[in-house]
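Reminder, nothing fancy here: chain letters follow the sequence lines and each chain counts from 1.
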Amino acid sequence: MINNEDVTRLQDAVQLSEVRGRSLWQDARVRFFRNKAAVAGLVVLILITCFALFGGFIAQYEPDFVDFTLMGANAYQGVPSVETGHYFGTDIDGRDLFARTVQGTKISLLVGIVGSLVAVIVGTLYGATAGYIGGRTDGIMMRTVDILMSIPFMFVLILMLVIFGRSILMLFIGIGLISWLNMARIARGQTLTIKNKEFVEAAIATGVSPFVIILRHIVPNLLGIVIVYATLLVPEMIIFESFISYLGLGVQEPNTSLGALINAGASQMTNGTLWMLFFPLTFFLITLFAFFFVGDGLRDALDPKDR
Amino acid sequence: MYSFVAKRLAVAIPTLLILIVFSFILMFAAPGGPFTGERPPPAAVLANIEARYGLDQPYWKQMWDYVFNVVVHFDFGPSFQYRDRTVNDVISQGFPVTLTYGAWSALVAVVVGVSLGIAAALKQNSWLDYLAVGVTIGAQALPNFVMAPVLVLVFTLWLGWLPGGGWNGGQWDHVILPVIALSTSYMASIARITRSSMLETMNSNFIRTALAKGLPMRRVIWKHALKPTLLPVISYLGPAVVGMITGSVVVDVFFSTGGIGQFFVNSAFNRDYAVIMGITILVGALTILFNLLVDVLYAWIDPKIRY
């Protein structure tokens, strides 16, 4: 005889011992959150994003407001202080450095994110297409990438900035032009291993068109590695933009970016206004390191082979 | 071997031509010529000037003349801003400077980076290893436009040991800071690559065999371990040198060394297309040539490469 009590107990036991399956993504999340440096990086990134988005409300001045009484006198009157409302001091033109650092951080983050978005979209599709089609097409497509990669792009971009005028839009176009190259290589390499898997064969057998196979079956399987490299690409793009802005060729006044602010600070070092270098530089380095740590953490979490 | 070099040349030369043609097309796309400034000269004068620089010719003829002169005579034509000078004058004035500290930087990056990497690998998990790993992680993320002002701040303004700019005919004390600013991040990357490569090599069977048959450690390292260790370093040299060439622009501007980078940025502000294009093409040629050298060196050291 089986009494009811036994049955329920059995059911409980079955339920308890049932292993809850974990997807690749859940696994990755667990691994990521176990990595202290990566979590710290993520927290810092969130804080910096908040600073860039909402710092403007805390700032007592507009970033392009020029206090003429402080112009040229910032070495002794524009010192960082809470009382005057210039939390980070003022620059040589009497503008509030806090507001400008907020603005610079915003632009630098924007550049980094747009650059890596372009890389993700263009690079992934290009690489996946080249890898999936293979043969001659692959050869030509990847040769093109090789050729483009061996061109010193910083110089070509500066040439373009000179010719078409210096603007943020031009900077975005320039960054978009180069950022996808490495991603295309990575995506192609991954595609080569994925395309011989059974599920792709099954899709081919059922008559799915190559384009749909790339979009529905190849690209989703590339996502892990793509996310890792996209995160690591953001700081690269920020450095790239800052490099150009540092030379004065990138973001133009009254807009600013961290690179332009570092340049302004570096050129005023002998004036004793070291805060002009210190604050932008600190934000720049913290942002970079945070992205590096998050990227490394994501790599360990999503791409365990590559340790 | 010869066929390998020939094959690589077959890619390198078209790449360079594409770069030249691309920069030229960009120049035609520019709104306004180099002489139509804020106050354009009278039409007759403009026509005369344009005739002097060959700008009245049809585009294809201009392009052909330019490419022909560059390729056959090594002649980049007259500068548009410095009326009495040619682009060749500008390059021959600035290039030796850039080449001097560039070569030193490359040497320092390779020698220090490789030694540090090998030392860290041989004493794995010692204080030396931790120090090396810590320094390299920090230094790798520091772009040269951050390094340069910080170095000047410490060594010029605070300690007063070294001059913060100028070239002075390449006197040693004027060379040190540019070399450190340019080489540090590459030195760090090379050290990191060497360390992991050396660790892998020292764990391989042929090293164990060499040690087992009683060879002294020094001989094992020099005769057996060094060559395979250096392979990834060599393949990194290509991108490293491209980065250093780009970085030299910042060093030139910040330290006022008078290298081609300074002319490049000045010309970018003056819309001196001729100088920008000349330098872009020169740098492109150098990059492509160097990548070719690295490939050949790699194939020569690594017998597994098929060519």
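Contact record, B/I279 with A/F155: CG2-CE2, 4.2 Å, taken as the closest heavy-atom pair.
With chain A as partner, the option from B/V249, B/V253, B/N291 having the largest number of non-hydrogen pairs under 4.5 angstrom is B/V249. Each of B/F264, B/F145, B/F254 has some count of heavy-atom pairs under 4.5 Å with chain A, and the biggest count is that of B/F145. The candidate with the highest count of non-hydrogen atom pairs below 4.5 Å against chain A, out of B/I276, B/V152, B/N144, is B/I276. When B/L19, B/T287, B/V250 are compared by the number of non-hydrogen pairs under 4.5 Å with chain A, B/V250 comes out ahead. Ranking A/N263, A/L288, A/L285, A/I158 against chain B, the residue ahead of the rest is A/I158, based on heavy-atom pairs under 4.5 Å.
Interface residue B/V283: backbone and side-chain heavy atoms are both found under 4.5 Å from chain A. There is no contact between B/F290 and chain A, counting heavy-atom distances below 4.5 Å. Contacts of A/I262 with chain B are made by side-chain atoms alone, with heavy-atom separations under 4.5 Å and no backbone atom involved.
A distance of 11.0 Å separates OG1 of B/T246 from CG of A/L157, quoted to the nearest 0.5 Å. Rounding to the nearest 0.5 Å gives a distance of 5.5 Å between CZ of A/F289 and CG of B/L142.
Scanning residues 241-249 of chain A against chain B with a 4.5 Å heavy-atom cutoff picks out A/S242, A/F243, A/Y246, A/L247, A/G248, A/L249, ordered by number.
Every residue meeting the ring pair (Phe, Tyr, Trp, His ring centres under 6.0 Å) condition with A/F98, not counting sequence neighbours, appears here in chain and number order: A/F51, A/Y87, A/F88.
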